[in-house]
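Data first, discussion second: the structure below is written as structure tokens.
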Amino acid sequence: MTDQVNEVIQIDENHVIAERREKLKALRDAAKASNSAAFPNDFKPKDKADTLQKTYAVQDKETLDPQSIPATVAGRMVLKRVMGKASFATIQDGSGEHAGARIQLYVARDEIGEALYENFKHWDLGDILGVTGRLFKTKTGELSIHVSEIKLLTKSLRPLPEKYHGLSDQEIKYRQRYVDLITSEEARATFIARSKVVSAIRDFMIQNEFLEVETPMLHPIPGGASAKPFMTHHNALDMQMFMRIAPELYLKRLIVGGFQRVFEMNRNFRNEGLSVRHNPEFTMMEFYAAYTDYHWLMDFTEATIRAAAIAARGTAVLSYDGKEVDLSKPFERLTIVGAIQKYAPQYTLEQLNDAVFLRAEILKHGTKPFDHAGLGALQLALFEETAESQLWQPTYIIDYPVEVSPLARASDKNPDITERFELFITGREVANGFSELNDAEDQAARFTAQMKAKEAGDAEAMYYDADFIRALEYGMPPTGGCGIGIDRLVMLITDSPSIRDVILFPHMRPEA
RNA sequence: GGGGCGUUAGCUCAGCUGGUAGAGCAGCGGACUUUUAAUCCGUUUGUCGUGGGUUCGAUCCCCGCACGCCCUACCA
């Protein structure tokens, strides 16, 4: 551990916490005196707030009350109303669709005894309680537990956010996600939806005979994408290693090995900027299927995304940022030039095939294309400037130029373009796939070209991966492969404006 | 990296082109045995993000820095 890691961040203390520490001290003393625990762990809840609500809230008071149905629950006290010799409190227990179901407690002095009631009055919002009692309905018809036994299970030392407005400070929501999750049903719902998306995709892949695999996160040579890697060091081997930027080259080695269909859903790491749609580590689902091509991939990717949306939301017709996104219909497919013609019709076909014109036009948009950029790369750059952000409904852009697709199979009809697509939804790239290049000699030549680009200053150009070439030399069947950005897909499905809203612990600078 | 906006009590927020801060919630004390953002009475709490500058005097004006959010650039 370095000194930097050992440096404890200064944690705020205040009078509220000081008072709670005093209460905890009293609790410890009392526990010691009675030979019991200050943080007892022997209370086992038998019921869940959500189940109780669903089962008994429908019964009317006259039917419910006389049955004296027993209930034993545990949860965090989130509301408390003391009225002299009786009180109401509300606990939240983590059950239910959004993991925040609540049930009201009625705590009467005459029922639990004077001494315990006095203690209860000083318990705080945020404390975790275990209670036993009988179900009844109040005058206003709210299902409640008439408490006969109540126990403080965990003393909370820190005050919860304001009970009505909750937590609104974005920074605290991200840094202290635990507080966000306690107080925000929306946050809990988002992460539950994320979990459903992930398991729906996994189920869908397995149903379609894909084998889930795990390939290295630590790579001796970063590969499979054009990106800047994180570097690290292995002490025992005394070698430099890279956090993976993509699993692609390992997954294709598995296709060489004879697995027909593989997928991996896990983290990639890219040492690049942070933004509303970039986190340094992000989750990608990559899959490879032998004897398929990019046409098949597009159909399959579409079906996967549709299944994920339906699993998480119950529908493939979504709303994002107030506008509809329809995943239920077949996704549109456009070439790069076709997309420019559709979304930026001011350009003539002649202009779009004029490298000099394109270069000038791209410069006008404030981007400087690489000196060695060919016609295809220039068309792609213009597409990115003029059309990409307008691709709101799901749209596949196809036929990417060879020069920007070093791992993709070239078209048999036109050697300058590849059998590649990218999927855009709400103006953002969500997936990228292609017919894989399985000609080892062609791949070796492409790697050599990438190395030259790297030497010429392109920091994101790929390395030459000799073992990958060796694998291809054994022969890889014709294969289709695709990566789906899970975080961005979850953003879409949960209508979240920022990638930080769908990552439990997004990366932040250290606290000031 | 560049630009814009923000940072006031534990939380949610006021604070009038300058006179060293308020409310609600939470807490504490009191009343109250069917409340529900309980109510009523009383009450504690702030290096006003941070370091400079201007000024008799700065939460307020100016500059730097930190952190955050948004846009932009690289990218998925």
Side-chain angles (χ1 to χ4, degrees), chain A residues 9 11-20 22-23 61 65 78-90 102-111 117 121-126 136-144 146 156-176 179 183 224-228 245-246 267-286 365-368 384 422-424 428-432 458-460 483-489 491 497-501 506 508-512:
Chain A
I9 54 166
I11 300 277
D12 56 293
E13 284 283 334
N14 60 69
H15 68 284
V16 179
I17 294 174
E19 262 156 21
R20 290 189 178 205
E22 284 301 313
K23 290 179 185 178
K61 183 172 172 63
D65 290 9
V78 292
L79 290 171
K80 186 182 168 203
R81 297 174 288 280
V82 176
M83 302 167 303
K85 298 177 190 66
S87 301
F88 284 97
T90 301
R102 295 178 169 195
I103 192 157
Q104 180 170 266
L105 311 178
Y106 179 69
V107 185
R109 187 193 66 178
D110 294 348
E111 183 86 15
Y117 189 73
K121 283 205 283 186
H122 291 92
W123 294 349
D124 294 298
L125 295 186
F136 78 110
K137 279 205 165 176
T138 62
K139 278 180 186 167
T140 51
E142 176 161 354
L143 181 70
S144 307
H146 195 120
S156 165
L157 295 175
R158 290 182 173 269
L160 291 176
E162 210 263 354
K163 65 187 176 189
Y164 186 64
H165 298 94
L167 188 59
S168 70
D169 186 324
Q170 278 295 333
E171 183 175 349
I172 298 177
K173 285 167 83 76
Y174 296 149
R175 286 193 197 277
Q176 298 177 238
V179 181
T183 55
S226 300
K228 297 187 198 96
I245 54 175
R267 230 64 65 79
N268 290 344
F269 306 85
R270 299 191 184 173
N271 206 341
E272 287 157 2
L274 288 76
S275 81
V276 71
R277 41 186 180 278
H278 298 88
N279 195 60
E281 54 180 301
F282 63 100
T283 301
M284 179 85 103
M285 202 282 285
E286 281 201 19
H365 281 91
T367 305
K368 192 179 177 300
E384 286 170 352
E422 288 194 359
L423 172 62
F424 295 88
R428 290 175 187 154
E429 185 183 344
V430 172
N432 175 21
D458 183 352
E460 293 180 355
I484 299 175
I486 298 300
D487 310 276
R488 289 186 182 176
L489 180 61
M491 285 170 69
S498 170
I499 198 166
R500 294 184 190 92
D501 295 323
M508 310 275 279
R509 283 195 167 82
E511 287 182 61

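Quick note on labels: first sequence line is chain A, next is B, and so on, each numbered from 1.
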Write down the distance separating the C1' atoms in G51(B) and C56(B), rounded off to the nearest Å.
23 Å

Taking C11(B), U12(B), U35(B) as options, the one with an atom nearest any side-chain atom of D169(A) is U12(B)

Rounded interatomic separation in angstrom, taking NZ from K61(A) and C1' from U35(B)
13 Å

Here the distance between atom P of A38(B) and atom CZ of F88(A), to the nearest Å, is 12 Å

If pairing means Watson-Crick or G-U wobble with both distances under 3.5 Å, then the partner of A31(B) is U39(B)

How is G485(A) classified with respect to the nucleic acid when contacts are heavy atoms under 4.0 Å: base, sugar-phosphate, or nothing?
nothing

Using whole Å, report how far CD1 of I172(A) lies from P of A9(B).
10 Å

Ignoring hydrogens and angles, are the base of U34(B) and the side chain of E142(A) linked by a donor-acceptor pair under 3.5 Å?
no

Is it the case that the base of U35(B) and the side chain of T138(A) share a donor-acceptor contact (distance under 3.5 Å, atom types as modelled)?
yes

Hits for side-chain contact (heavy atoms from CB on, under 4.5 Å) against R109(A), two or more places apart or cross-chain, chain-then-number order -> K85(A), E114(A), Y117(A)

Going by heavy atoms in the side chains, are D501(A) and Q170(A) under 4.5 Å from each other?
yes

Work out how far the P atom of U54(B) is from that of G68(B), and round it to whole angstrom.
32 Å

Re U59(B): Watson-Crick or G-U wobble partner, both distances kept under 3.5 Å, found to be none

Pair assignment for G1(B), Watson-Crick or G-U wobble, requiring both distances under 3.5 Å:
U72(B)

Donor-acceptor contact below 3.5 Å, side chain K80(A) vs main chain K121(A)
yes

Could you tell me the separation between the CD atom of Q176(A) and the P atom of G10(B), rounded to a whole number of Å?
13 Å

Which part of the nucleic acid does K121(A) contact within heavy-atom distance under 4.0 Å: base, sugar-phosphate only, or nothing?
nothing

Once salt bridge (charged side-chain N to carboxylate O under 4.0 Å, His left out) is applied, do any residues pair with R20(A), and if so which ones, sequence neighbours excluded?
D124(A)

Hunt down the Watson-Crick or G-U wobble partner of A23(B), both distances under 3.5 Å, from any strand shown, or write none.
U12(B)

Can you check the distance between G1(B) and C11(B), where both ends of the measurement are the C1' atom (answer in whole Å)?
36 Å

Nearest-nucleotide check on RNA chain B, F282(A) vs W123(A); residue mapping nearer the 5' end is W123(A)

Rounded to whole Å, CZ of R81(A) lies from P of A38(B) at a distance of 5 Å

Just to be sure I understand the rule, does H146(A) reach a base, reach only the sugar-phosphate, or reach nothing, if contact means heavy atoms closer than 4.0 Å?
nothing

Just checking G166(A): base, sugar-phosphate only, or nothing, at a heavy-atom cut-off of under 4.0 Å?
sugar-phosphate

Contacts under 3.5 Å, N or O only, protein and nucleotides 69-74 of chain B:
unit_1 : atom_1 : unit_2  : atom_2 : d
C69(B) : OP1    : R500(A) : NE     : 3.4
C70(B) : OP2    : R500(A) : NH1    : 3.2
C74(B) : O2'    : E460(A) : OE2    : 2.9

How long is the straight-line distance from CD1 of I499(A) back to CG of N279(A), given to the nearest 0.5 Å?
5.5 Å

For G64(B), which nucleotide in any strand shown is its Watson-Crick or wobble partner with both distances under 3.5 Å?
U50(B)

Which residues pass the side chain to side chain donor-acceptor pair (under 3.5 Å) test with D65(A), not counting sequence neighbours?
K61(A)

Between U8(B) and G24(B), how many Å separate the two C1' atoms, rounded to a whole number?
15 Å

Using the P atom as the reference point in each nucleotide, state the distance between G6(B) and C60(B) in Å, no decimals.
14 Å

Please determine if a side-chain N or O atom of S87(A) lies less than 4.0 Å away from the OP1 or OP2 oxygen of U35(B).
no

R158(A) and Q176(A): side-chain donor and acceptor closer than 3.5 Å?
no

From NZ of K137(A) across to P of U35(B) the rounded distance in Å is 16 Å

Separation of the C1' atoms in U12(B) and U55(B), to the nearest angstrom
34 Å

With F282(A) via ring pair (Phe, Tyr, Trp, His ring centres under 6.0 Å) - residues at least two apart:
none

Do the ring planes of F88(A) and Y106(A) sit parallel (below 30°), tilted (30 to 60°) or perpendicular (above 60°)?
tilted

Between C63(B) and A73(B), how far is it from one P atom to the other, in whole Å?
27 Å

Any side-chain N or O of R509(A) under 4.0 Å from OP1/OP2 of G68(B)?
yes

For L167(A) and R109(A), find the nucleotide of RNA chain B closest to each by heavy atoms; which residue's nucleotide sits nearer the 5' end?
L167(A)

Nearest whole angstrom, please: distance from the C1' of G10(B) to the CD of E22(A).
17 Å

Going by the rule side chain to side chain donor-acceptor pair (under 3.5 Å), which residues pair with R500(A) if we only count those two or more places apart in sequence or in a different chain?
none

Could you list the residues that satisfy ring pair (Phe, Tyr, Trp, His ring centres under 6.0 Å) with Y174(A), not counting sequence neighbours?
none

Rounding to a whole Å, what distance do you find between Q104(A):CD and A37(B):C1'?
13 Å

Using atom names, set out every protein N or O paired with an N or O of nucleotides 21-26 of chain B below 3.5 Å, distance rounded to 0.1 Å.
unit_1 : atom_1 : unit_2  : atom_2 : d
C25(B) : O3'    : K163(A) : NZ     : 3.2
A26(B) : OP1    : K163(A) : NZ     : 2.6

Determine the interatomic distance between P on C48(B) and the same-named atom on C70(B); round to the nearest Å.
28 Å

So N279(A), base contact, sugar-phosphate only, or nothing? Heavy-atom distance under 4.0 Å.
base

Applying side chain to side chain donor-acceptor pair (under 3.5 Å) to K228(A) and not counting sequence neighbours gives none

